[in-house]
Amino acid sequence: MMKNGVLARDRILLFLAIPMALASPVISTLSSLSISPVAPGANAFLGIIVAVGCLLGFGAAVLHPRQGLWKFIQVFLISVGIMSAVDLSIMGHQVLTTSFDNRFARALVLCFFAAGIFGVVWIIRNQAPVILFVTSATLLASSIVISEAKADEIAERTIYIITDEMIGLNGIDKSLPGGRDTYDLMKSVFLKHGFRLFPRAFSRHFFTMVSIPAVLNFDDRDAGDQAAKYTDDETPMNVKKSALFDQFASGGFDVTVFQSGHLNFCTKAVSECNTFPSFNADTDLAKGLTRDLTKISTIRTLKAIYVQSYTAARLLPWYSEITGESDLGDIVVPDYFDIHGFVEWFRKFSDHALASKPGGLTFAHFLMPHNPPVLDENCVAQYRWENPYYLKERKHLTGQEFSASRAHFYEEYYQQARCALKTLDAFLTTVDNNPELSGAKIVVHGDHGSRISSGKFVEGALPRDMIDNFSTLYAIRGKGVEPGIDMRMASVQRLTTEYFSGIPVAALGPEEMSVVMDSSKSGRPIKAPPPPIQ
C-alpha cells in the first residue's frame with residue numbers, strides 16, 4: 001500500500017497534469033494571434049478547456065491507485081486527455097482530412113494513434129502521476145514563456161500613420177516636373193531611417209472609406225461591395241470595427257487615434273480620440289493664416305451652408321461681390337482646410353507619439369498629400385485649389401490638353417507630397433535620436449493613389465490610370481523587419497495583415513492579386529488586374 005502522503009501527492013499531480021496539458025496549446029495559440037488569455041471570449045474558451053481537463057484529471061486522481069478494471073478506466077481517461085492535448089496542438093481533424101481522403105483511413109489512423117497512446121500510458125501507469133505532471137508543467141511553462149515573449153514584442157510602441165492619397169515609389173512619374181525630386185526624397189527618407197520599403201505596393205481599393213477599413217480589419221480579399229460590414233450603415237464614414245485596434249485593446253494596451261473630420265475611426269477599442277476639425281475661422285490656426293485666406297474660407301463656408309436657402313441664394317452673388325471673393329480667385333475649399341493645418345496637426349500627433357507608453361498604439365490618418373495641392377514642398381499654403389480627379393470622365397480632356405493638365409496637377413501634387421515626406425523625415429529623425437523609441441514599430445502607408453487619372457471606371461482605363469489610382473506607399477520598420485527595398489508586389493491590405501494580424505503567412509493562403517474598380521456597365525464594383533507597376 002502507498003503511504004498516505006505519496007498517495008495524496010500523486011492524486012494532486014494527476015488532477016493538475018491533464019488540465020495543464022490541455023491549457024498549454026490553447027495559450028500558445030492565443031499568443032500566436034496576439035490575444036490575451038484573459039481577453040473576453042478567449043477567457044471563456046480557455047475556461048471550458050480547463051474545465052474538461054479538470055473532469056478528466058479528477059476521474060484519474062480518484063481511481064489512483066486502484067487495479068483491475070478501475071486501472072483500465074484510469075489509463076483510458078489519461079489517454080483521452082493526452083489525445084485531446086495533441087489534437088489542440090496540431091489541429092488533428094485538419095491534419096487527418098488533409099492527409100487522407102478516405103474516411104475509413106482516417107478512422108484507422110486515429111485508432112492506431114489512440115492505441116499507441118494507451119499502450120504508452122499503460123506501460124508507465126505506476127509512474128504516470130510524476131511523469132505526466134512534469135511533462136504538462138514543462139509544456140505550460142513554455143507556452144507562458146512564448147506568450148510573454150509575444151507580449152514583449154507587442155509591448156513596444158507602435159506608430160501607425162496613413163498618408164491619404166500618397167502614391168507609391170514606383171508609381172511616381174519621374175518624367176513630369178517634380179517627379180524625380182519626389183521619387184528621390186521618398187526613397188531616401190525611408191531607407192535612411194531603416195524602413196523596409198515596398199516600391200510596388202498598391203491598394204486594392206481607391207476609395208478611402210473602403211480601403212482603410214479593409215486594412216484595419218486584415219481583409220485583403222474584399223470585393224468592394226462588402227465594405228459596409230466595417231462601416232456604420234447610416235453613417236458610412238464611421239468605422240465600426242477595427243481588428244487592429246481590438247488586438248491592442250484586448251492585450252490591455254491603449255489605442256490613441258488622430259484623425260480628420262472626414263472619417264471616424266474611434267471604435268469602442270479606442271481609449272483616446274483626437275479629431276482635427278475642418279475649417280473654423282475662430283481657431284488659432286485660422287487666425288495665423290493670411291487675412292485673405294481666412295476670409296475666403298469663411299465666405300465659402302457660409303455659401304455652402306446657405307446654398308439651399310431660396311432667400312440667401314438670391315443674395316449670394318451680392319455677398320461675393322461685397323466681400324471681394326471674385327478678386328481673391330479660387331483659393332480654398334473649406335472641407336479641405338485640414339490640409340492647411342497639416343503642420344500643426346502633425347505636431348500634435350508627434351508630441352503624443354513621442355511620449356506614448358510602451359505597448360500602446362498611436363494611429364493617425366492625415367489628409368496628406370490628398371488633393372487639393374494647396375501646400376508647397378515647404379508646407380507653405382498657396383492660393384490655389386482645383387479638383388484634379390478623373391480628367392477625362394469629369395473634365396472631358398483629351399490629347400495634348402489632357403497631358404498638359406495632368407502634368408500641371410502632378411507638379412502641384414508632388415510639391416505637397418514632398419511637404420509630407422519632409423515632415424515625416426523630421427519626425428523620424430527625432431525618433432532615431434530617442435533611445436526609448438529604438439524598438440518602436442512604425443508603419444507609414446497610403447490608402448490609394450493620387451487619382452490624377454482619366455477616371456474611376458474600369459471601362460477604357462489605361463495602364464497609367466491604374467497606376468495613378470492604385471499605386472501607394474508602404475514602408476515599415478521594427479523588430480524582425482529587415483530594412484531595405486522589397487520589390488514584391490503586394491497590396492497594403494495584405495502587407496498589414498501579414499505584419500500585424502498575428503496569423504502565420506502560410507495560413508493566409510495565396511494573395512489576392514486584383515483591385516476593385518467601378519464599372520459603368522455593371523453599375524457595381526468589379527475585380528480588375530492590379531496596376532502594372534514596374
Side-chain angles (χ1 to χ4, degrees), residues 161-176 178-179 182-183 185-187 190 197-212 214-215 220 222 224 227 262-263 336 339 365-373 387-395 402 405-421 444-458 460-475 489-496 513-518 525 527-534:
I161 303 171
I162 296 181
T163 52
D164 202 300
E165 222 161 85
M166 177 70 87
I167 200 165
L169 183 67
N170 280 16
I172 296 172
D173 190 339
K174 297 188 287 292
S175 69
L176 297 179
T182 307
Y183 178 92
L185 180 60
M186 180 181 289
K187 185 176 181 180
F190 290 108
L197 179 61
F198 292 80
R200 302 177 69 198
F202 67 95
S203 174
R204 296 196 62 250
H205 311 279
F206 69 123
F207 290 118
T208 300
M209 64 176 292
V210 183
S211 173
I212 301 181
V215 169
D220 62 339
D222 179 47
H262 301 276
L263 188 58
Y336 295 101
I339 297 177
H365 171 228
F366 292 107
L367 285 186
M368 277 292 285
H370 194 289
N371 286 294
N387 190 333
Y389 298 138
Y390 316 143
L391 301 178
K392 287 186 178 180
E393 291 176 3
R394 289 187 179 178
K395 297 180 181 294
F402 170 85
S405 183
R406 179 175 176 273
H408 165 70
F409 285 130
Y410 254 122
E411 182 177 12
E412 294 181 345
Y413 167 87
Y414 286 145
Q415 290 183 36
Q416 191 150 284
R418 292 197 296 277
C419 159
L421 291 168
V444 183
H445 73 76
D447 60 342
H448 51 71
S450 68
R451 300 196 299 199
I452 304 175
S453 63
S454 295
K456 67 175 184 175
F457 294 114
V458 68
L462 300 174
R464 182 65 227 184
D465 297 327
M466 300 298 288
I467 296 173
D468 292 333
N469 288 338
F470 293 100
S471 169
T472 196
L473 168 69
Y474 200 95
M489 190 170 188
S491 70
V492 293
Q493 289 79 20
R494 174 69 179 213
L495 290 169
T496 285
M513 296 301 292
S514 68
V515 298
V516 178
M517 202 167 185
D518 284 353
K527 289 185 178 181
I533 308 170
Q534 301 301 314

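Basis for what follows: all heavy atoms, side chains included, without hydrogens, waters or symmetry-related copies.
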Checklist line | L176 vs Y413 side-chain heavy atoms within contact, under 4.5 Å | finding: no
Next item on the list: May I ask you to test the P373-F409 pair for a side-chain heavy-atom distance under 4.5 Å?
Entry: no
Next item on the list: Using modelled atom types only, decide if a donor and an acceptor are shared between the side chain of R418 and the backbone of G178 within a distance under 3.5 Å.
Entry: yes
Item checked: Expected output: side-chain T472 to main-chain M166 donor-acceptor under 3.5 Å -> yes
Next item on the list: For residues F366 and T163, determine if any side-chain heavy atom of one lies less than 4.5 Å from a side-chain heavy atom of the other.
Entry: no
Checklist line | Side chain to side chain, F207 and V516, heavy atoms closer than 4.5 Å | finding: no
Note to self: Please check: side-chain N/O of S491 versus main-chain N/O of R494, any donor-acceptor pairing under 3.5 Å?
What the structure shows: yes
Margin query: Does the plane of the ring in H445 sit parallel, tilted or perpendicular to the ring in Y474? Use 30° and 60° as the thresholds.
Written below: parallel
Note to self: Tell me if a side-chain donor or acceptor on D164 pairs with a main-chain N or O of N371 at a distance below 3.5 Å.
What the structure shows: no
Note to self: Check this for me, if you would: do R451 and E165 make a salt bridge, where the nitrogen-to-carboxylate-oxygen distance has to be below 4.0 angstrom?
What the structure shows: yes
Margin query: For S453, is there any backbone N or O sitting under 3.5 Å from a side-chain donor or acceptor partner on E393?
Written below: no
Checklist line | Candidate pair T208 and D447, rule side-chain hydrogen bond (donor to acceptor under 3.5 Å, both in side chains), full reasoning | finding: CA-CA 6 Å; T208 300; D447 60 342; 2.6 Å; yes
Checklist line | Whether Y414 side chain and D173 backbone form a donor-acceptor pair below 3.5 Å | finding: yes
Notebook entry, point to check: Heavy-atom distance under 4.5 Å between the side chains of Q493 and D222, does that happen here?
Noted result: no
Notebook entry, point to check: Taking side chain as C-beta onward, heavy atoms only, is M368 less than 4.5 Å from Q416?
Noted result: yes
Next item on the list: Before accepting this row, confirm whether a basic side-chain N of the pair D465/K392 lies closer than 4.0 Å to the acidic partner's carboxylate O.
Entry: no
Check: Which pair of heavy atoms, one from S514 and one from F202, lies closest together, and at what distance?
Finding: O-CE1, 3.7 Å
